[in-house]
Amino acid sequence: MTDESAGKATAQPVLQDLLFEGDFSPLPVDMGFRGPVAHRVAGITYRQLDYWARTGLVVPEIRQAGGSGTQRLYSFRDILLLRVVKRFLDVGISLQQIRVAIEHLRARGVEDLTEITLLSDGFSVYECTTASELYDLSKGGQGMFLISVSSVWKEIEGTLSALPSEKAGITASQDPSDELAARRRDRAV
């Protein structure tokens with residue numbers, strides 16, 4: 001990473017924890033691919049590629065069509081996003097739901113949609129922002145919270161080990177650490 005690109009990375013607000021560190025674009029940012037290559041690699045038809053570009057779903061960032069005879073030029077990240085949209089279509093998410101999810105992310109200021117984690121249950125599209133937060137992008141970003149049972153286990157395990165406990169077979173009157181039971185025994189004598 002160059003000093004210039006490092007400055008750009010720190011100037012942008014961090015909206016989501018990254019699952020993996022680093023720049024995963026194996027190509028220079030100014031290297032692009034024409035429509036026939038982009039649609040084949042993304043696994044979509046040329047007609048889908050053209051429609052998605054004209055309607056603003058996935059607009060080529062290197063060069064947009066500027067009239068008759070000009071060619072769109074798609075970046076690696078554009079093709080990656082095209083493939084993600086295709087995968088969501090494959091699992092049954094409608095193009096309308098995908099469009100709503102992407103528009104919501106863009107409205108929030110997410111410019112590079114390839115650096116976020118998206119999930120789907122086959123009905124909705126979710127953005128995972130941290131290990132414990134999930135947003136339903138199909139419903140305008142309604143927040144949900146995830147509860148990892150293993151992390152709750154770890155939280156209480158340490159706390160409980162420092163607190164008094166008792167074995168199941170011992171009654172309170174037999175437990176030498178039970179102060180109240182000891183007082184009652186002393187009174188009864």
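Residues L95 and Y51 form a side-chain contact, since some pair of their non-hydrogen atoms from C-beta on lies under 4.5 Å apart. Two residues are said to be in side-chain contact when any heavy atoms from C-beta on lie closer than 4.5 Å; V85 and I44 fail this criterion.
L89 and S94 make their closest contact through CD2-C, 4.3 Å (heavy atoms, listed as atom of the first residue, atom of the second, distance). Residues D78 and P60 come closest through the heavy atom pair OD2-CA, 3.4 Å. Nearest heavy-atom pair, E61 versus S75, reported as atom, atom and distance to 0.1 Å: OE2-OG, 2.6 Å. Counting all heavy atoms, side chain and backbone alike, L137 lies closest to E127 at CD1-CB, 3.8 Å. Counting all heavy atoms, side chain and backbone alike, R72 lies closest to A53 at NE-CB, 3.5 Å.
The distance from atom CZ of R40 to atom CZ of F33, rounded to the nearest 0.5 Å, is 11.5 Å. Distance check: S120 OG to D90 CG gives 11.5 Å after rounding to the nearest 0.5 Å. Distance check: H104 NE2 to D136 CG gives 9.5 Å after rounding to the nearest 0.5 Å. Separation of atoms CG (L81) and CG (L57) is listed at 7.0 Å; rounding is to 0.5 Å.
Surrounding CZ of R34 are at most 12 heavy atoms belonging to other residues, nucleotides or ligands under 6.0 Å away.
Under the 3.5 Å distance criterion, the side-chain polar atoms of R63 are matched with a main-chain donor or acceptor of Q71.
If you run side chain to side chain contact (heavy atoms under 4.5 Å, CB included) between Y74 and each of I62, L49, V37, V41, only L49 comes through.
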